[in-house]
Amino acid sequence: MAKPYNHREIEEKWRKEWEKHPVNVNDGKKPKYYCLDMFPYPSGNGLHVGHWRGYVISDVWSRYKMLNGGHYIIHPMGWDAFGLPAENYAIKMGVHPAKSTAENVANIKKQINQIAALYDWDMEVNTTDPDFYKWTQWIFVKMFRAGLAYEKEMPINWCPSCKTGLANEEVVNGKCERCGADVTKKNLKQWMLRITKYADRLLNDLDKLDWPEKVKKMQTDWIGKSYGAEVDFPVEGREEKITVYTTRPDTLYGATFMVLAPEHEMARGLATPDMREAVEQYIYDASMKSNVDRLQDKEKTGVFTGSYAVNPINGAKIPIWLSDYVLADYGTGAIMCVPAHDDRDFEFATKFHIPIVQVIAQDGKEIENMTQAYTQASGTMINSGDWNGMESAVLKKEAPAMIEKMGAGRKTVNYKLRDWVFSRQRYWGEPIPIVHCPKCGCVPVPEEQLPLLLPEVESYQPTGTGESPLADIEEWVNTTCPVCGAPAKRETNTMPQWAGSSWYFLRYVDNKNEKELVSREKADRYLPVDMYIGGVEHAVLHLLYSRFYTKFLYDIGVIDFDEPFTKLFNQGMITGKNGIKMSKSKGNVISPDDLVRDYGCDSLRLYELFVGPPELDSEWDDRGIDGVYRFLTRFWKLVLDNKDQDVKETKEMKKLRHRMIHDITQRLENFSLNTVVSGFMEYNNKMIEMAKGGGIDRETLKTAVVLLSPFAPHISEELWRELGGSDSVFHAVWPSADQEAMADEEKEIAVQINGKTRTVVKLPVDIGREEAIAAGKEALGSKLSGNIVKEIYVPGRIINIVAK
RNA sequence: GCAGGAGUGGCGGAAUGGCAGACGCAUCAGACUCAAAAUCUGACGUAGGUGACUAUGUGUGGGUUCAAGUCCCAUCUCCUGCACCA
């Protein structure tokens, strides 16, 4: 009788051994492979089984790359510890965020260590560590000097619950991404990052990336590049012109009115005396609307300014309106309206009785009473002066140049991407290293004075006034100008959580460097990230910001690559019952701790993968873990019972072995990790059957152990030693499949009549077509009747007799 | 509204256009046991038949094909993202 599988004993034994003698060592010769997890923010709730899955996936991949290719694996872990969640948690618990963060880090680290992943804690980083945020601030100073960071007063997204401004990317359906409160507008002086300057590169370089198409598309849509023209409309009786942006310059003749956003700088001035009161009222009302209201009120509202503009193409006098369906911060904040060919303009024109002029023939004709806009750019131009008879689709492309030629505008492109609102009116973040000097203006803190430490403060609760809690600390705020020495004030806003996470992956490989963010030598050797694993929720946040930062650092020569993450994998979410997201408030959080205790780390690792395809969401159900535990127990017994039997390898065993190598490797390469686990079960069953039959050879068992090792490291290491391995299984070489050894001599072939399987025949694989069909017919016997119309033979697959 | 993904047994899920339901969970029966657990063996889409078998079956309706879960068209439902971006 073999000794029973005692997961606790084995896992503890190898955990200690690996701690003493790490299996992943850098000898300076091996090729590197950088496999990265999105680092967690250390919340007080600890890890649940969903977090585990991501870390298991990355560790399996890391160990596979170690075995297959002999890589030195860079697999670090750190803490995204600044920001709202950490601060909100601290406020709730009534402790200082630094303290609660440290506690949470310690707790989660303990949990992460249960995964038995290859994490190299020497590389650990923490975004709240001054040695780390020194460089977060350093990047900001560099951006400021490059003109990429600037101050601007404007109405920004404001979360009344978190009491801070938010970036565009942090507003989801008009609500705060973090807390779900309705986002309002607030006029604040803000630090902005000019990410829009990188819009084209961020868009074009997506082509270089091995990322899920979904994420690429989300970023493409978010950047939202469009081609069109700016057209200048003179205001009647005045010097000024109103410039609009349009993607449909072909419809210029159909512009019968124009609309400005209520926030447009010319909005007030355009009001004629009799309209002044109504215009003021409308502008005021619009300013009071929250994002949610603005999204929900689909019904168009608006007010006529009393002024008219002149359509530069035909001299038509057209009324100028204000409406909040025009966005102030996109394009020029003003549009020309072509009700015949735009749904929104049509709705507006209908409501306010503005003429509708059709300029593209629909189905070859002009429609008498339009009931809806014809929005397609296909058809012949009508009512369009010189442009009559042209094809709309052609004109759409040519019109910008034509308009430019006549001096009425210019060809242009636009992006939906907005500059990044970078200030937060909160305590728990990196202080923005800027001094406001009455004489010199905004002056960055000199680099040698960084880090600018976040001061201790008595009340770190948000003030809600639009000022950060730092503003109350006079001895900190009052300073002198680094340039002229005059009394000056420090910037009191802090950076958003994304600041540290936008570049942390660069720091891991040189985390103790006091002189540089990362040494060029180490960057060249270990970066960029080869494989990045995490949830899809950061598609237009962290993943976009990181690309922006990386491109900037490339531009200033810190690194020699301009994309941070070569390959990206998005794992699905693990939910509770009925697909409900795990959360403490719903009480459906499943902690991995008990499962590790009862079933072991190896079982949980396997089960995390077995629950479903890694890229899809999966509902967690504890019961299934018994299945993988049984598998490990059966495999354990198989190996121990047969390791000393000295069975001679047969052709069948060799075939089984190579098929196993082939199937497992292929599924692994395809990232189909759930079917890798089921594959192990399948081959285990086959090996058990074989062992019962006439025994099983040692080589096959050893191969199975190596294949299993990235998934269930402890049991594999133990069995490897039982099989005579003197060194770690992780120093073994990933086996490769021999096609010849896998080949069958005979194959079972389904024999069909009219596409329905009637019987099965066993045929040599190299049989000819005629013999195969003859054998098939013979096997069918009397089932075959009628006239044979056609005979199909697909070698190794199927015989189909078509009969009438 | 637009874009993307998904719909397969009681459940999670497998299937380069070629024998649908691998693998696992649950369930049922049997073996072992004084008994239970564990373990082992077997059954397990639906309908009919003692039976070998027959019919039917991958959201719905059409189509292409010798052959469709897989390809095409239409349609329904669910999920995700974007959403007045001119």
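Letters A, B, ... are given to chains in the order of the sequence lines, protein chains preceding strands, and every chain is numbered from 1. Worth saying up front: this structure is predicted, and the values here are computed from it rather than measured.
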Participant: In the strands shown, is U50(B) matched to any nucleotide by a Watson-Crick or G-U wobble pair with both distances under 3.5 Å, and which?
Facilitator: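 Pairing partner, where one exists within any strand: none, as none qualifies.
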
Participant: Mind calculating the distance between CE (M660(A)) and P (C23(B)) to the nearest angstrom?
Facilitator: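 The answer, rounded to whole Å, is 17 Å.
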
Participant: Base, sugar-phosphate or nothing for K225(A)? Non-hydrogen atoms, less than 4.0 Å.
Facilitator: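 Nothing: the residue K225(A), judged by heavy atoms under 4.0 Å, touches no strand.
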
Participant: Ignoring the backbone of N674(A), work out which of A86(B), C19(B), G13(B) is nearest its side chain.
Facilitator: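 Closest of the options to the side chain of N674(A): G13(B).
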
Participant: Within the 3.5 Å criterion, strictly below it, is a donor on S287(A) or Y282(A) matched to an acceptor on the partner's side chain?
Facilitator: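 No, because no side-chain N or O of S287(A) sits under 3.5 Å from a partner of the opposite role on Y282(A).
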
Participant: Taking the six-membered ring for Trp, are the ring centroids of W620(A) and Y607(A) within less than 6.0 Å of each other?
Facilitator: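 Yes; Y607(A) has its ring centre under 6.0 Å from that of W620(A).
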
Participant: What does E619(A) touch in the nucleic acid at a heavy-atom separation under 4.0 angstrom: a base, only the sugar-phosphate, or nothing?
Facilitator: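 Here E619(A) touches no strand at all.
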
Participant: Write down the distance separating the C1' atoms in A67(B) and G49(B), rounded off to the nearest Å.
Facilitator: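 My reading of the C1' atoms in A67(B) and G49(B) gives 29 Å.
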
Participant: Could you measure between the two P atoms, the one in C2(B) and the one in U8(B), and give it in whole Å?
Facilitator: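 Roughly 25 Å separates the two P atoms.
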
Participant: What integer distance in Å separates D343(A):CG from G1(B):P?
Facilitator: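 Rounding to the nearest Å, CG of D343(A) and P of G1(B) are 12 Å apart.
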
Participant: Scan every strand shown for a Watson-Crick or G-U wobble partner of C32(B), both distances under 3.5 Å, and answer none if you come up empty.
Facilitator: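 Answer to the pairing question: none, since C32(B) forms no Watson-Crick or G-U pair.
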
Participant: Sticking with atom C1', work out how far C25(B) lies from C44(B), rounded to a whole angstrom.
Facilitator: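 That atom pair is separated by 13 Å.
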
Participant: Since syn is defined as within 90° of 0, does G9(B) count as syn or as anti?
Facilitator: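 In terms of base orientation relative to the sugar, G9(B) is syn.
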
Participant: For this output row, return yes or no: ring centroids of F257(A) and F348(A) closer than 6.0 angstrom.
Facilitator: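 Ring-ring flag for F257(A)/F348(A): true, centres closer than 6.0 Å.
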
Participant: Round to the nearest Å and state the distance from E177(A) atom CD to G81(B) atom C1'.
Facilitator: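 Those two atoms, CD and C1', are 14 Å apart.
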
Participant: Spell out yes or no: do the side chain of K756(A) and the base of C19(B) have one donor N/O and one acceptor N/O closer than 3.5 Å?
Facilitator: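 Counting by modelled atom types and ignoring angles, no donor-acceptor contact under 3.5 Å is found here.
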
Participant: Considering only atom P, compute the distance from G69(B) to C19(B) and round it to an integer number of Å.
Facilitator: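 One P to the other, the span is 10 Å.
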
Participant: Closer to the 5' end of RNA chain B via nearest nucleotide, is it T675(A) or A334(A)?
Facilitator: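 That would be T675(A).
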
Participant: Output the rounded distance in Å from CD (E537(A)) to C1' (C82(B)).
Facilitator: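 Checked: the CD to C1' distance equals 17 Å.
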
Participant: Roughly how far apart, to the nearest Å, are U70(B) and U80(B) at atom P?
Facilitator: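 It works out to 26 Å between them.
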
Participant: If the C1' atom of G12(B) is compared with that of A26(B), how far apart are they to the nearest Å?
Facilitator: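 Looking at atom C1' only, G12(B) and A26(B) are 11 Å apart.
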
Participant: List the residues meeting side-chain contact (heavy atoms from CB on, under 4.5 Å) with M573(A), not counting sequence neighbours, and say none if there are none.
Facilitator: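 For M573(A), the residues satisfying side-chain contact (heavy atoms from CB on, under 4.5 Å) (neighbours in sequence not counted) are T575(A), K581(A), D617(A).
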
Participant: Considering only heavy atoms from C-beta outward, does the side chain of L595(A) approach that of D622(A) to under 4.5 Å?
Facilitator: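 Answer yes - side chains close enough.
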
Participant: What string of B, S and - do you get for nucleotides 24-32 of chain B, 5' to 3', if B is base contact, S is sugar-phosphate-only contact and - is no contact with any protein heavy atom under 4.0 Å?
Facilitator: SSS------

Participant: May I ask which nucleotide in the shown strands pairs with C82(B), Watson-Crick or G-U wobble, both distances under 3.5 Å?
Facilitator: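 Paired with G1(B).
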
Participant: Rounded to the nearest angstrom, tell me the gap between atom NZ in K686(A) and atom C1' in C23(B).
Facilitator: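 About 11 Å, once rounded to whole Å.
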
Participant: Does G69(B) have a Watson-Crick or wobble mate here (both distances under 3.5 Å), and if so which one?
Facilitator: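 Here G69(B) is not engaged in any pair, so there is no nucleotide opposite it.
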
Participant: In whole Å, I'd like the distance from the OH atom of Y5(A) to the P atom of A38(B).
Facilitator: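 To the nearest whole Å, that distance equals 18 Å.
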
Participant: According to a strict under-4.0 Å criterion, is Y325(A) in side-chain N/O contact with OP1 or OP2 of A86(B)?
Facilitator: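 So the side-chain polar atoms of Y325(A) never come under 4.0 Å of the phosphate oxygens OP1 or OP2 of A86(B).
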
Participant: With a 4.5 Å limit on heavy-atom distance, are the side chains of S603(A) and F631(A) in contact?
Facilitator: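 Counting from C-beta outward, S603(A) and F631(A) never come under 4.5 Å.
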
Participant: If we only count heavy atoms from C-beta on, is the V421(A) to L166(A) side-chain gap below 4.5 Å?
Facilitator: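 No, their side chains stay 4.5 Å or more apart.
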
Participant: Are any protein N/O atoms closer than 3.5 Å to N/O atoms in nucleotides 63-67 of chain B? If there are, list each pair with its distance.
Facilitator:
unit_1	atom_1	unit_2	atom_2	d
C66(B)	OP1	K790(A)	NZ	3.2
C66(B)	O2'	N800(A)	ND2	3.1
C66(B)	O2	N800(A)	ND2	2.6

Participant: For W620(A) and G13(B), what is the distance between atoms CH2 and C1' respectively, to the nearest whole Å?
Facilitator: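 Spelled out: CH2 on W620(A) to C1' on G13(B) is 15 Å.
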
Participant: Specify the separation, in whole Å, of atom CD1 of I574(A) and atom C1' of G12(B).
Facilitator: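 Result: 11 Å.
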
Participant: Taking atom C1' in both A14(B) and G7(B), compute the distance separating them and give it to the nearest angstrom.
Facilitator: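 About 16 Å, rounded to a whole number of Å.
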
Participant: Applying a 4.0 Å non-hydrogen cut-off, can you work out what K416(A) is touching in the nucleic acid: base, sugar-phosphate, or nothing?
Facilitator: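 Base, at least one base atom sits under 4.0 Å.
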
Participant: Could you check which nucleotide pairs with A74(B) in any of the strands shown, counting Watson-Crick or G-U wobble with both distances under 3.5 Å?
Facilitator: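 U60(B) - that is the nucleotide pairing with A74(B), both distances being under 3.5 Å.
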
Participant: Want to settle it: does L417(A) or M218(A) sit nearer the 5' end of RNA chain B, counting the closest nucleotide to each?
Facilitator: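 The residue closer to the strand's 5' end, by nearest nucleotide, is M218(A).
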
Participant: Between A55(B), C19(B), A86(B), spot the one nearest the side chain of R758(A), thanks.
Facilitator: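 Per side-chain heavy atoms of R758(A), the pick is A55(B).
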
Participant: Can you identify which nucleotide, out of A83(B), A86(B), U41(B), has its nearest atom closest to the T246(A) side chain?
Facilitator: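 Minimum distance to the T246(A) side chain belongs to A86(B).
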
Participant: Is it true that the side chains of Y629(A) and D598(A) contain a donor and an acceptor less than 3.5 Å apart?
Facilitator: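 Per modelled atom types, Y629(A) and D598(A) side chains form no pair under 3.5 Å.
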
Participant: What integer number of Å spans the C1' atoms of G10(B) and U46(B)?
Facilitator: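 After rounding to an integer number of Å, I get 13 Å for this pair.
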
Participant: Taking all heavy atoms of A349(A) and all of I356(A), pick out the closest pair and write down the distance.
Facilitator: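 Nearest pair, atom of A349(A) first, then I356(A): CB-CG1, 4.1 Å.
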
Participant: Can you name the side-chain contact (heavy atoms from CB on, under 4.5 Å) partners of N570(A), sequence neighbours left out?
Facilitator: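 With sequence neighbours excluded, N570(A) shows a side-chain contact (heavy atoms from CB on, under 4.5 Å) to P212(A), V215(A), V536(A), L568(A), given in chain and number order.
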
Participant: Got a sec, which residues hit side-chain contact (heavy atoms from CB on, under 4.5 Å) with V789(A), two or more places apart in sequence or on another chain?
Facilitator: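 Applying side-chain contact (heavy atoms from CB on, under 4.5 Å) to V789(A) gives V802(A), K804(A).
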
Participant: In chain order, what residues pass the side-chain contact (heavy atoms from CB on, under 4.5 Å) check against T665(A), with sequence neighbours excluded?
Facilitator: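 Listed in chain order: Y64(A), I661(A), E669(A), W734(A).
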
Participant: Looking at A14(B), A3(B), G81(B), which one has an atom nearest to any side-chain atom of K217(A)?
Facilitator: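 Taking heavy atoms from C-beta onward, the closest nucleotide is A3(B).
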
Participant: Can you tell me if S226(A) touches the phosphate of A86(B), counting only side-chain N or O atoms and a distance under 4.0 Å to OP1 or OP2?
Facilitator: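 Looking at the OP1 and OP2 atoms of A86(B), one of them is under 4.0 Å from a side-chain N or O of S226(A).
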
